[in-house]
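Remarks on the structure that follows.
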Amino acid sequence: MSALGAGSSEAARIASASLTGIAAAVASLAGRPYAARANRPEDLSDTAQIELASAGPWTATRLRDTLRTHLKGDRVIVLANREPCIHERTPSGDVVVRHPASGLVTALEPVMRACSGVWVAHGSGSADRESSDPRGRVAINTGDASYILRRVWLTEEEEAGYYYGFANEALWPLCHLAQAHPVFRRSDWLQYQRVNQRFADAVAAEAGCDDPVVLVQDYHFALVPRMLRRKFPRATILTFWHIPWPNAERFSICPYQDEILEGLLGSSIVGFQTPQHCHNFLESVDRTLEVRIGRTELDIVRQNRTTLVRPYPISIDWPGRWNAALPDAAACREEVRRELRLPPNAKIVVSVDRLDYTKGLEERLLTIERTLERWPDSSGPLAFVQVGAPSRTRIERYREFGDRVRREVARINARFGRGQWTPIVLIDRHCEPPEVFRLYRAADVCYVSSLHDGMNLVAKEFICARDDERGVLMLSRFTGAARELTEALVVNPYDLEGVAETLRKALAMPVAEQRDRMRALRAQVAQFNVYRWAGRMLLDATRLRQRERLHVRLAGKPKRRMPFVGALW
Ligand code: F6P
């Protein structure tokens, strides 16, 4: 089956929608099934077939060429709170470089390498200052490519209010359906506004022209698009919201909803992971602000400015850079079994997360316990390896959550452990990507159990790691990824009995079935990779930019609303 043949997937459906007309996209936003799908190349429109034949798959080179051709080499500025590499001073006095556990960084870093622009981020490492120049800049060289990291320094008070407070105690629980109440403190909101302005100023200082292309990332910077728009009316501002956008009723509990929506509408395009999140956003805007919403064009017009709203499911680098340095999957399995002192017939289940209450870790542990109860000696010993990277630990809810997870692991291990062997291995420290990829390659099963997740790139990384076409992905249906990765075993993480049964099925899955599923999954992620994500967004931005320039040239002539003809994904 060709990559496009994995046409039951959501990404393919979105692509298909872009090719078969706006009506299909609107149907998708309304949650109705598509009537037409681009399952085979012959189903595609002429233009799409030409695009497919002439350009082929999206790669770093194609993304670079797209920028050169369509944006005339304009510099791309990425604004993201998390920096792609963190300089830390170790207790022994050395400076080490750490790659943070962040889906956003996983996705954006390869794009940045392809675009050679500037990444503006919070300088959070203990050795970041001494590793940067006086303006907070450091060149990141990665073999064939380089880009600039521009660090912004925050005071403790700013970080506490903006990052820990408003971003992660208010917006994060507001947007995730995971039984956690948002906390809205006025003092956090004030810091959020202040820090957003500081980052907007840092972007402005890097712009170098009056119409920069800025990619604003995530819920940390909802106010920045408007701040930039005021300064650069002609800028192209693409904002991508990595986490879910809640339904309009839930969003309306936010006391600062008007300011947040107005802030985001400074963007040229606001992107979300799924059509449902786009729909929720349009509803929130419709209920809150005086705007005109184009239900067919999927745009919002406010004070003569248009903002497009589009789904762009994010993805990963393909084929990725971590596999190359690792031994093959069989050797990785050997190594991991040896290190964990597992017998040769042990089955390995792997999960990799930040220690975050949205990831469903407690439910996952209960599932493992249920599996051990129901099938004590099913097919040899079971080893469940959980990487739980500490995250946002200054927030009490996160500390309590980490403690609960550790207690549960100890309880289950005490109940089922025999001698040296314990069924659960909790690695609660930061792991660098090669270590994580080695675990993926060693696993019989990878289980992603998020209770709510914008996309979840662990699922895609696992697929990328399995060039042996083996291993089974079990994936929560509440992730954005589940809409695309339909050959995974899709589960409801709250249904402990159901998941335990699926896990048993996964552990016993015949090799041929593993291969069929993994091949389809790999074809899907290979085609819908992160270069396509960035490329499609930048192409839409280019068309918008050209249209706006045309409007400026035609100024004085009567204004007519021109339909936007860009792709829907
Ligand atoms: O995927 C959501 C997200 O907030 C990313 O935006 C972020 O990079 C990641 O989770 C990790 O969180 P943090 O940057 O707070 O460590």
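First listed ligand is number 1; within each ligand, the first listed atom is number 1. Computation of the quantities below employed the complete heavy-atom set of this structure, encompassing side-chain atoms and omitting hydrogens, waters and symmetry-equivalent molecules. Counting begins at 1 with the first residue of the sequence.
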>> Which of the numbered atoms in ligand 1 are under 4.0 angstrom from any heavy atom belonging to Trp172?
In response: 2 (C), 4 (O)

> Strictly by modelled atom types, are Gln386 and Asp353 linked by a side-chain donor-acceptor pair under 3.5 Å?
Replying inline: yes

> Which residue supplies the protein heavy atom nearest to atom 14 (O) of ligand 1, what is that atom called, and how far is it?
Replying inline: Arg82 NE, 3.0 Å

>> Given Arg392, Met455, His242, His220, identify the one with the heavy atom nearest to atom 12 (O) of ligand 1.
In response: Arg392

> In terms of atom number and element, which parts of ligand 1 are under 4.0 angstrom from non-hydrogen atoms of Tyr219?
Replying inline: 4 (O)

>> Which residue and atom name correspond to the protein heavy atom nearest atom 11 (C) of ligand 1, and how close is it?
In response: Arg354 NE, 3.3 Å

>> Phe184 vs Trp189, test: ring pair (Phe, Tyr, Trp, His ring centres under 6.0 Å). Steps then yes/no.
In response: CA-CA 8 Å; Phe184 300 105; Trp189 169 241; 9.4 Å; no

> Do you see a protein non-hydrogen atom under 4.0 Å from atom 1 (O) of ligand 1?
Replying inline: no

>> For the residue pair Tyr162 / Asp188, report whether a side-chain donor-acceptor contact shorter than 3.5 Å exists.
In response: no

>> Considering non-hydrogen atoms of the protein only, which is the closest contact for atom 5 (C) of ligand 1, and what is the distance?
In response: Asp218 OD2, 3.5 Å

> In the protein, which heavy atom is nearest to atom 7 (C) of ligand 1, and how far is it?
Replying inline: Ser102 OG, 3.6 Å

> Which ligand 1 atoms, with their elements, are less than 4.0 angstrom from a heavy-atom of Tyr163?
Replying inline: 13 (P), 15 (O), 16 (O)

> Hey, which of Arg194, Arg198, Gln191 is the one that makes side-chain hydrogen bond (donor to acceptor under 3.5 Å, both in side chains) with Glu158?
Replying inline: Arg198

> Less than 3.5 Å between some nitrogen or oxygen of Asn81 and one of ligand 1, yes or no?
Replying inline: no

>> Under a 3.5 Å cutoff, is there a donor and acceptor pairing between the side chains of Glu461 and Tyr440?
In response: yes

> Heavy-atom distance under 4.5 Å between the side chains of Ile260 and Leu171, does that happen here?
Replying inline: yes

> His176 vs His452 aromatic rings, parallel, tilted or perpendicular, using cut-offs 30° and 60°?
Replying inline: perpendicular

> Ile243 heavy atoms, cut-off 4.0 Å: which ligand 1 atoms fall inside?
Replying inline: 2 (C)

> Quick one: does Arg137's side chain have a donor or acceptor within less than 3.5 Å of a partner on Arg150's backbone?
Replying inline: no

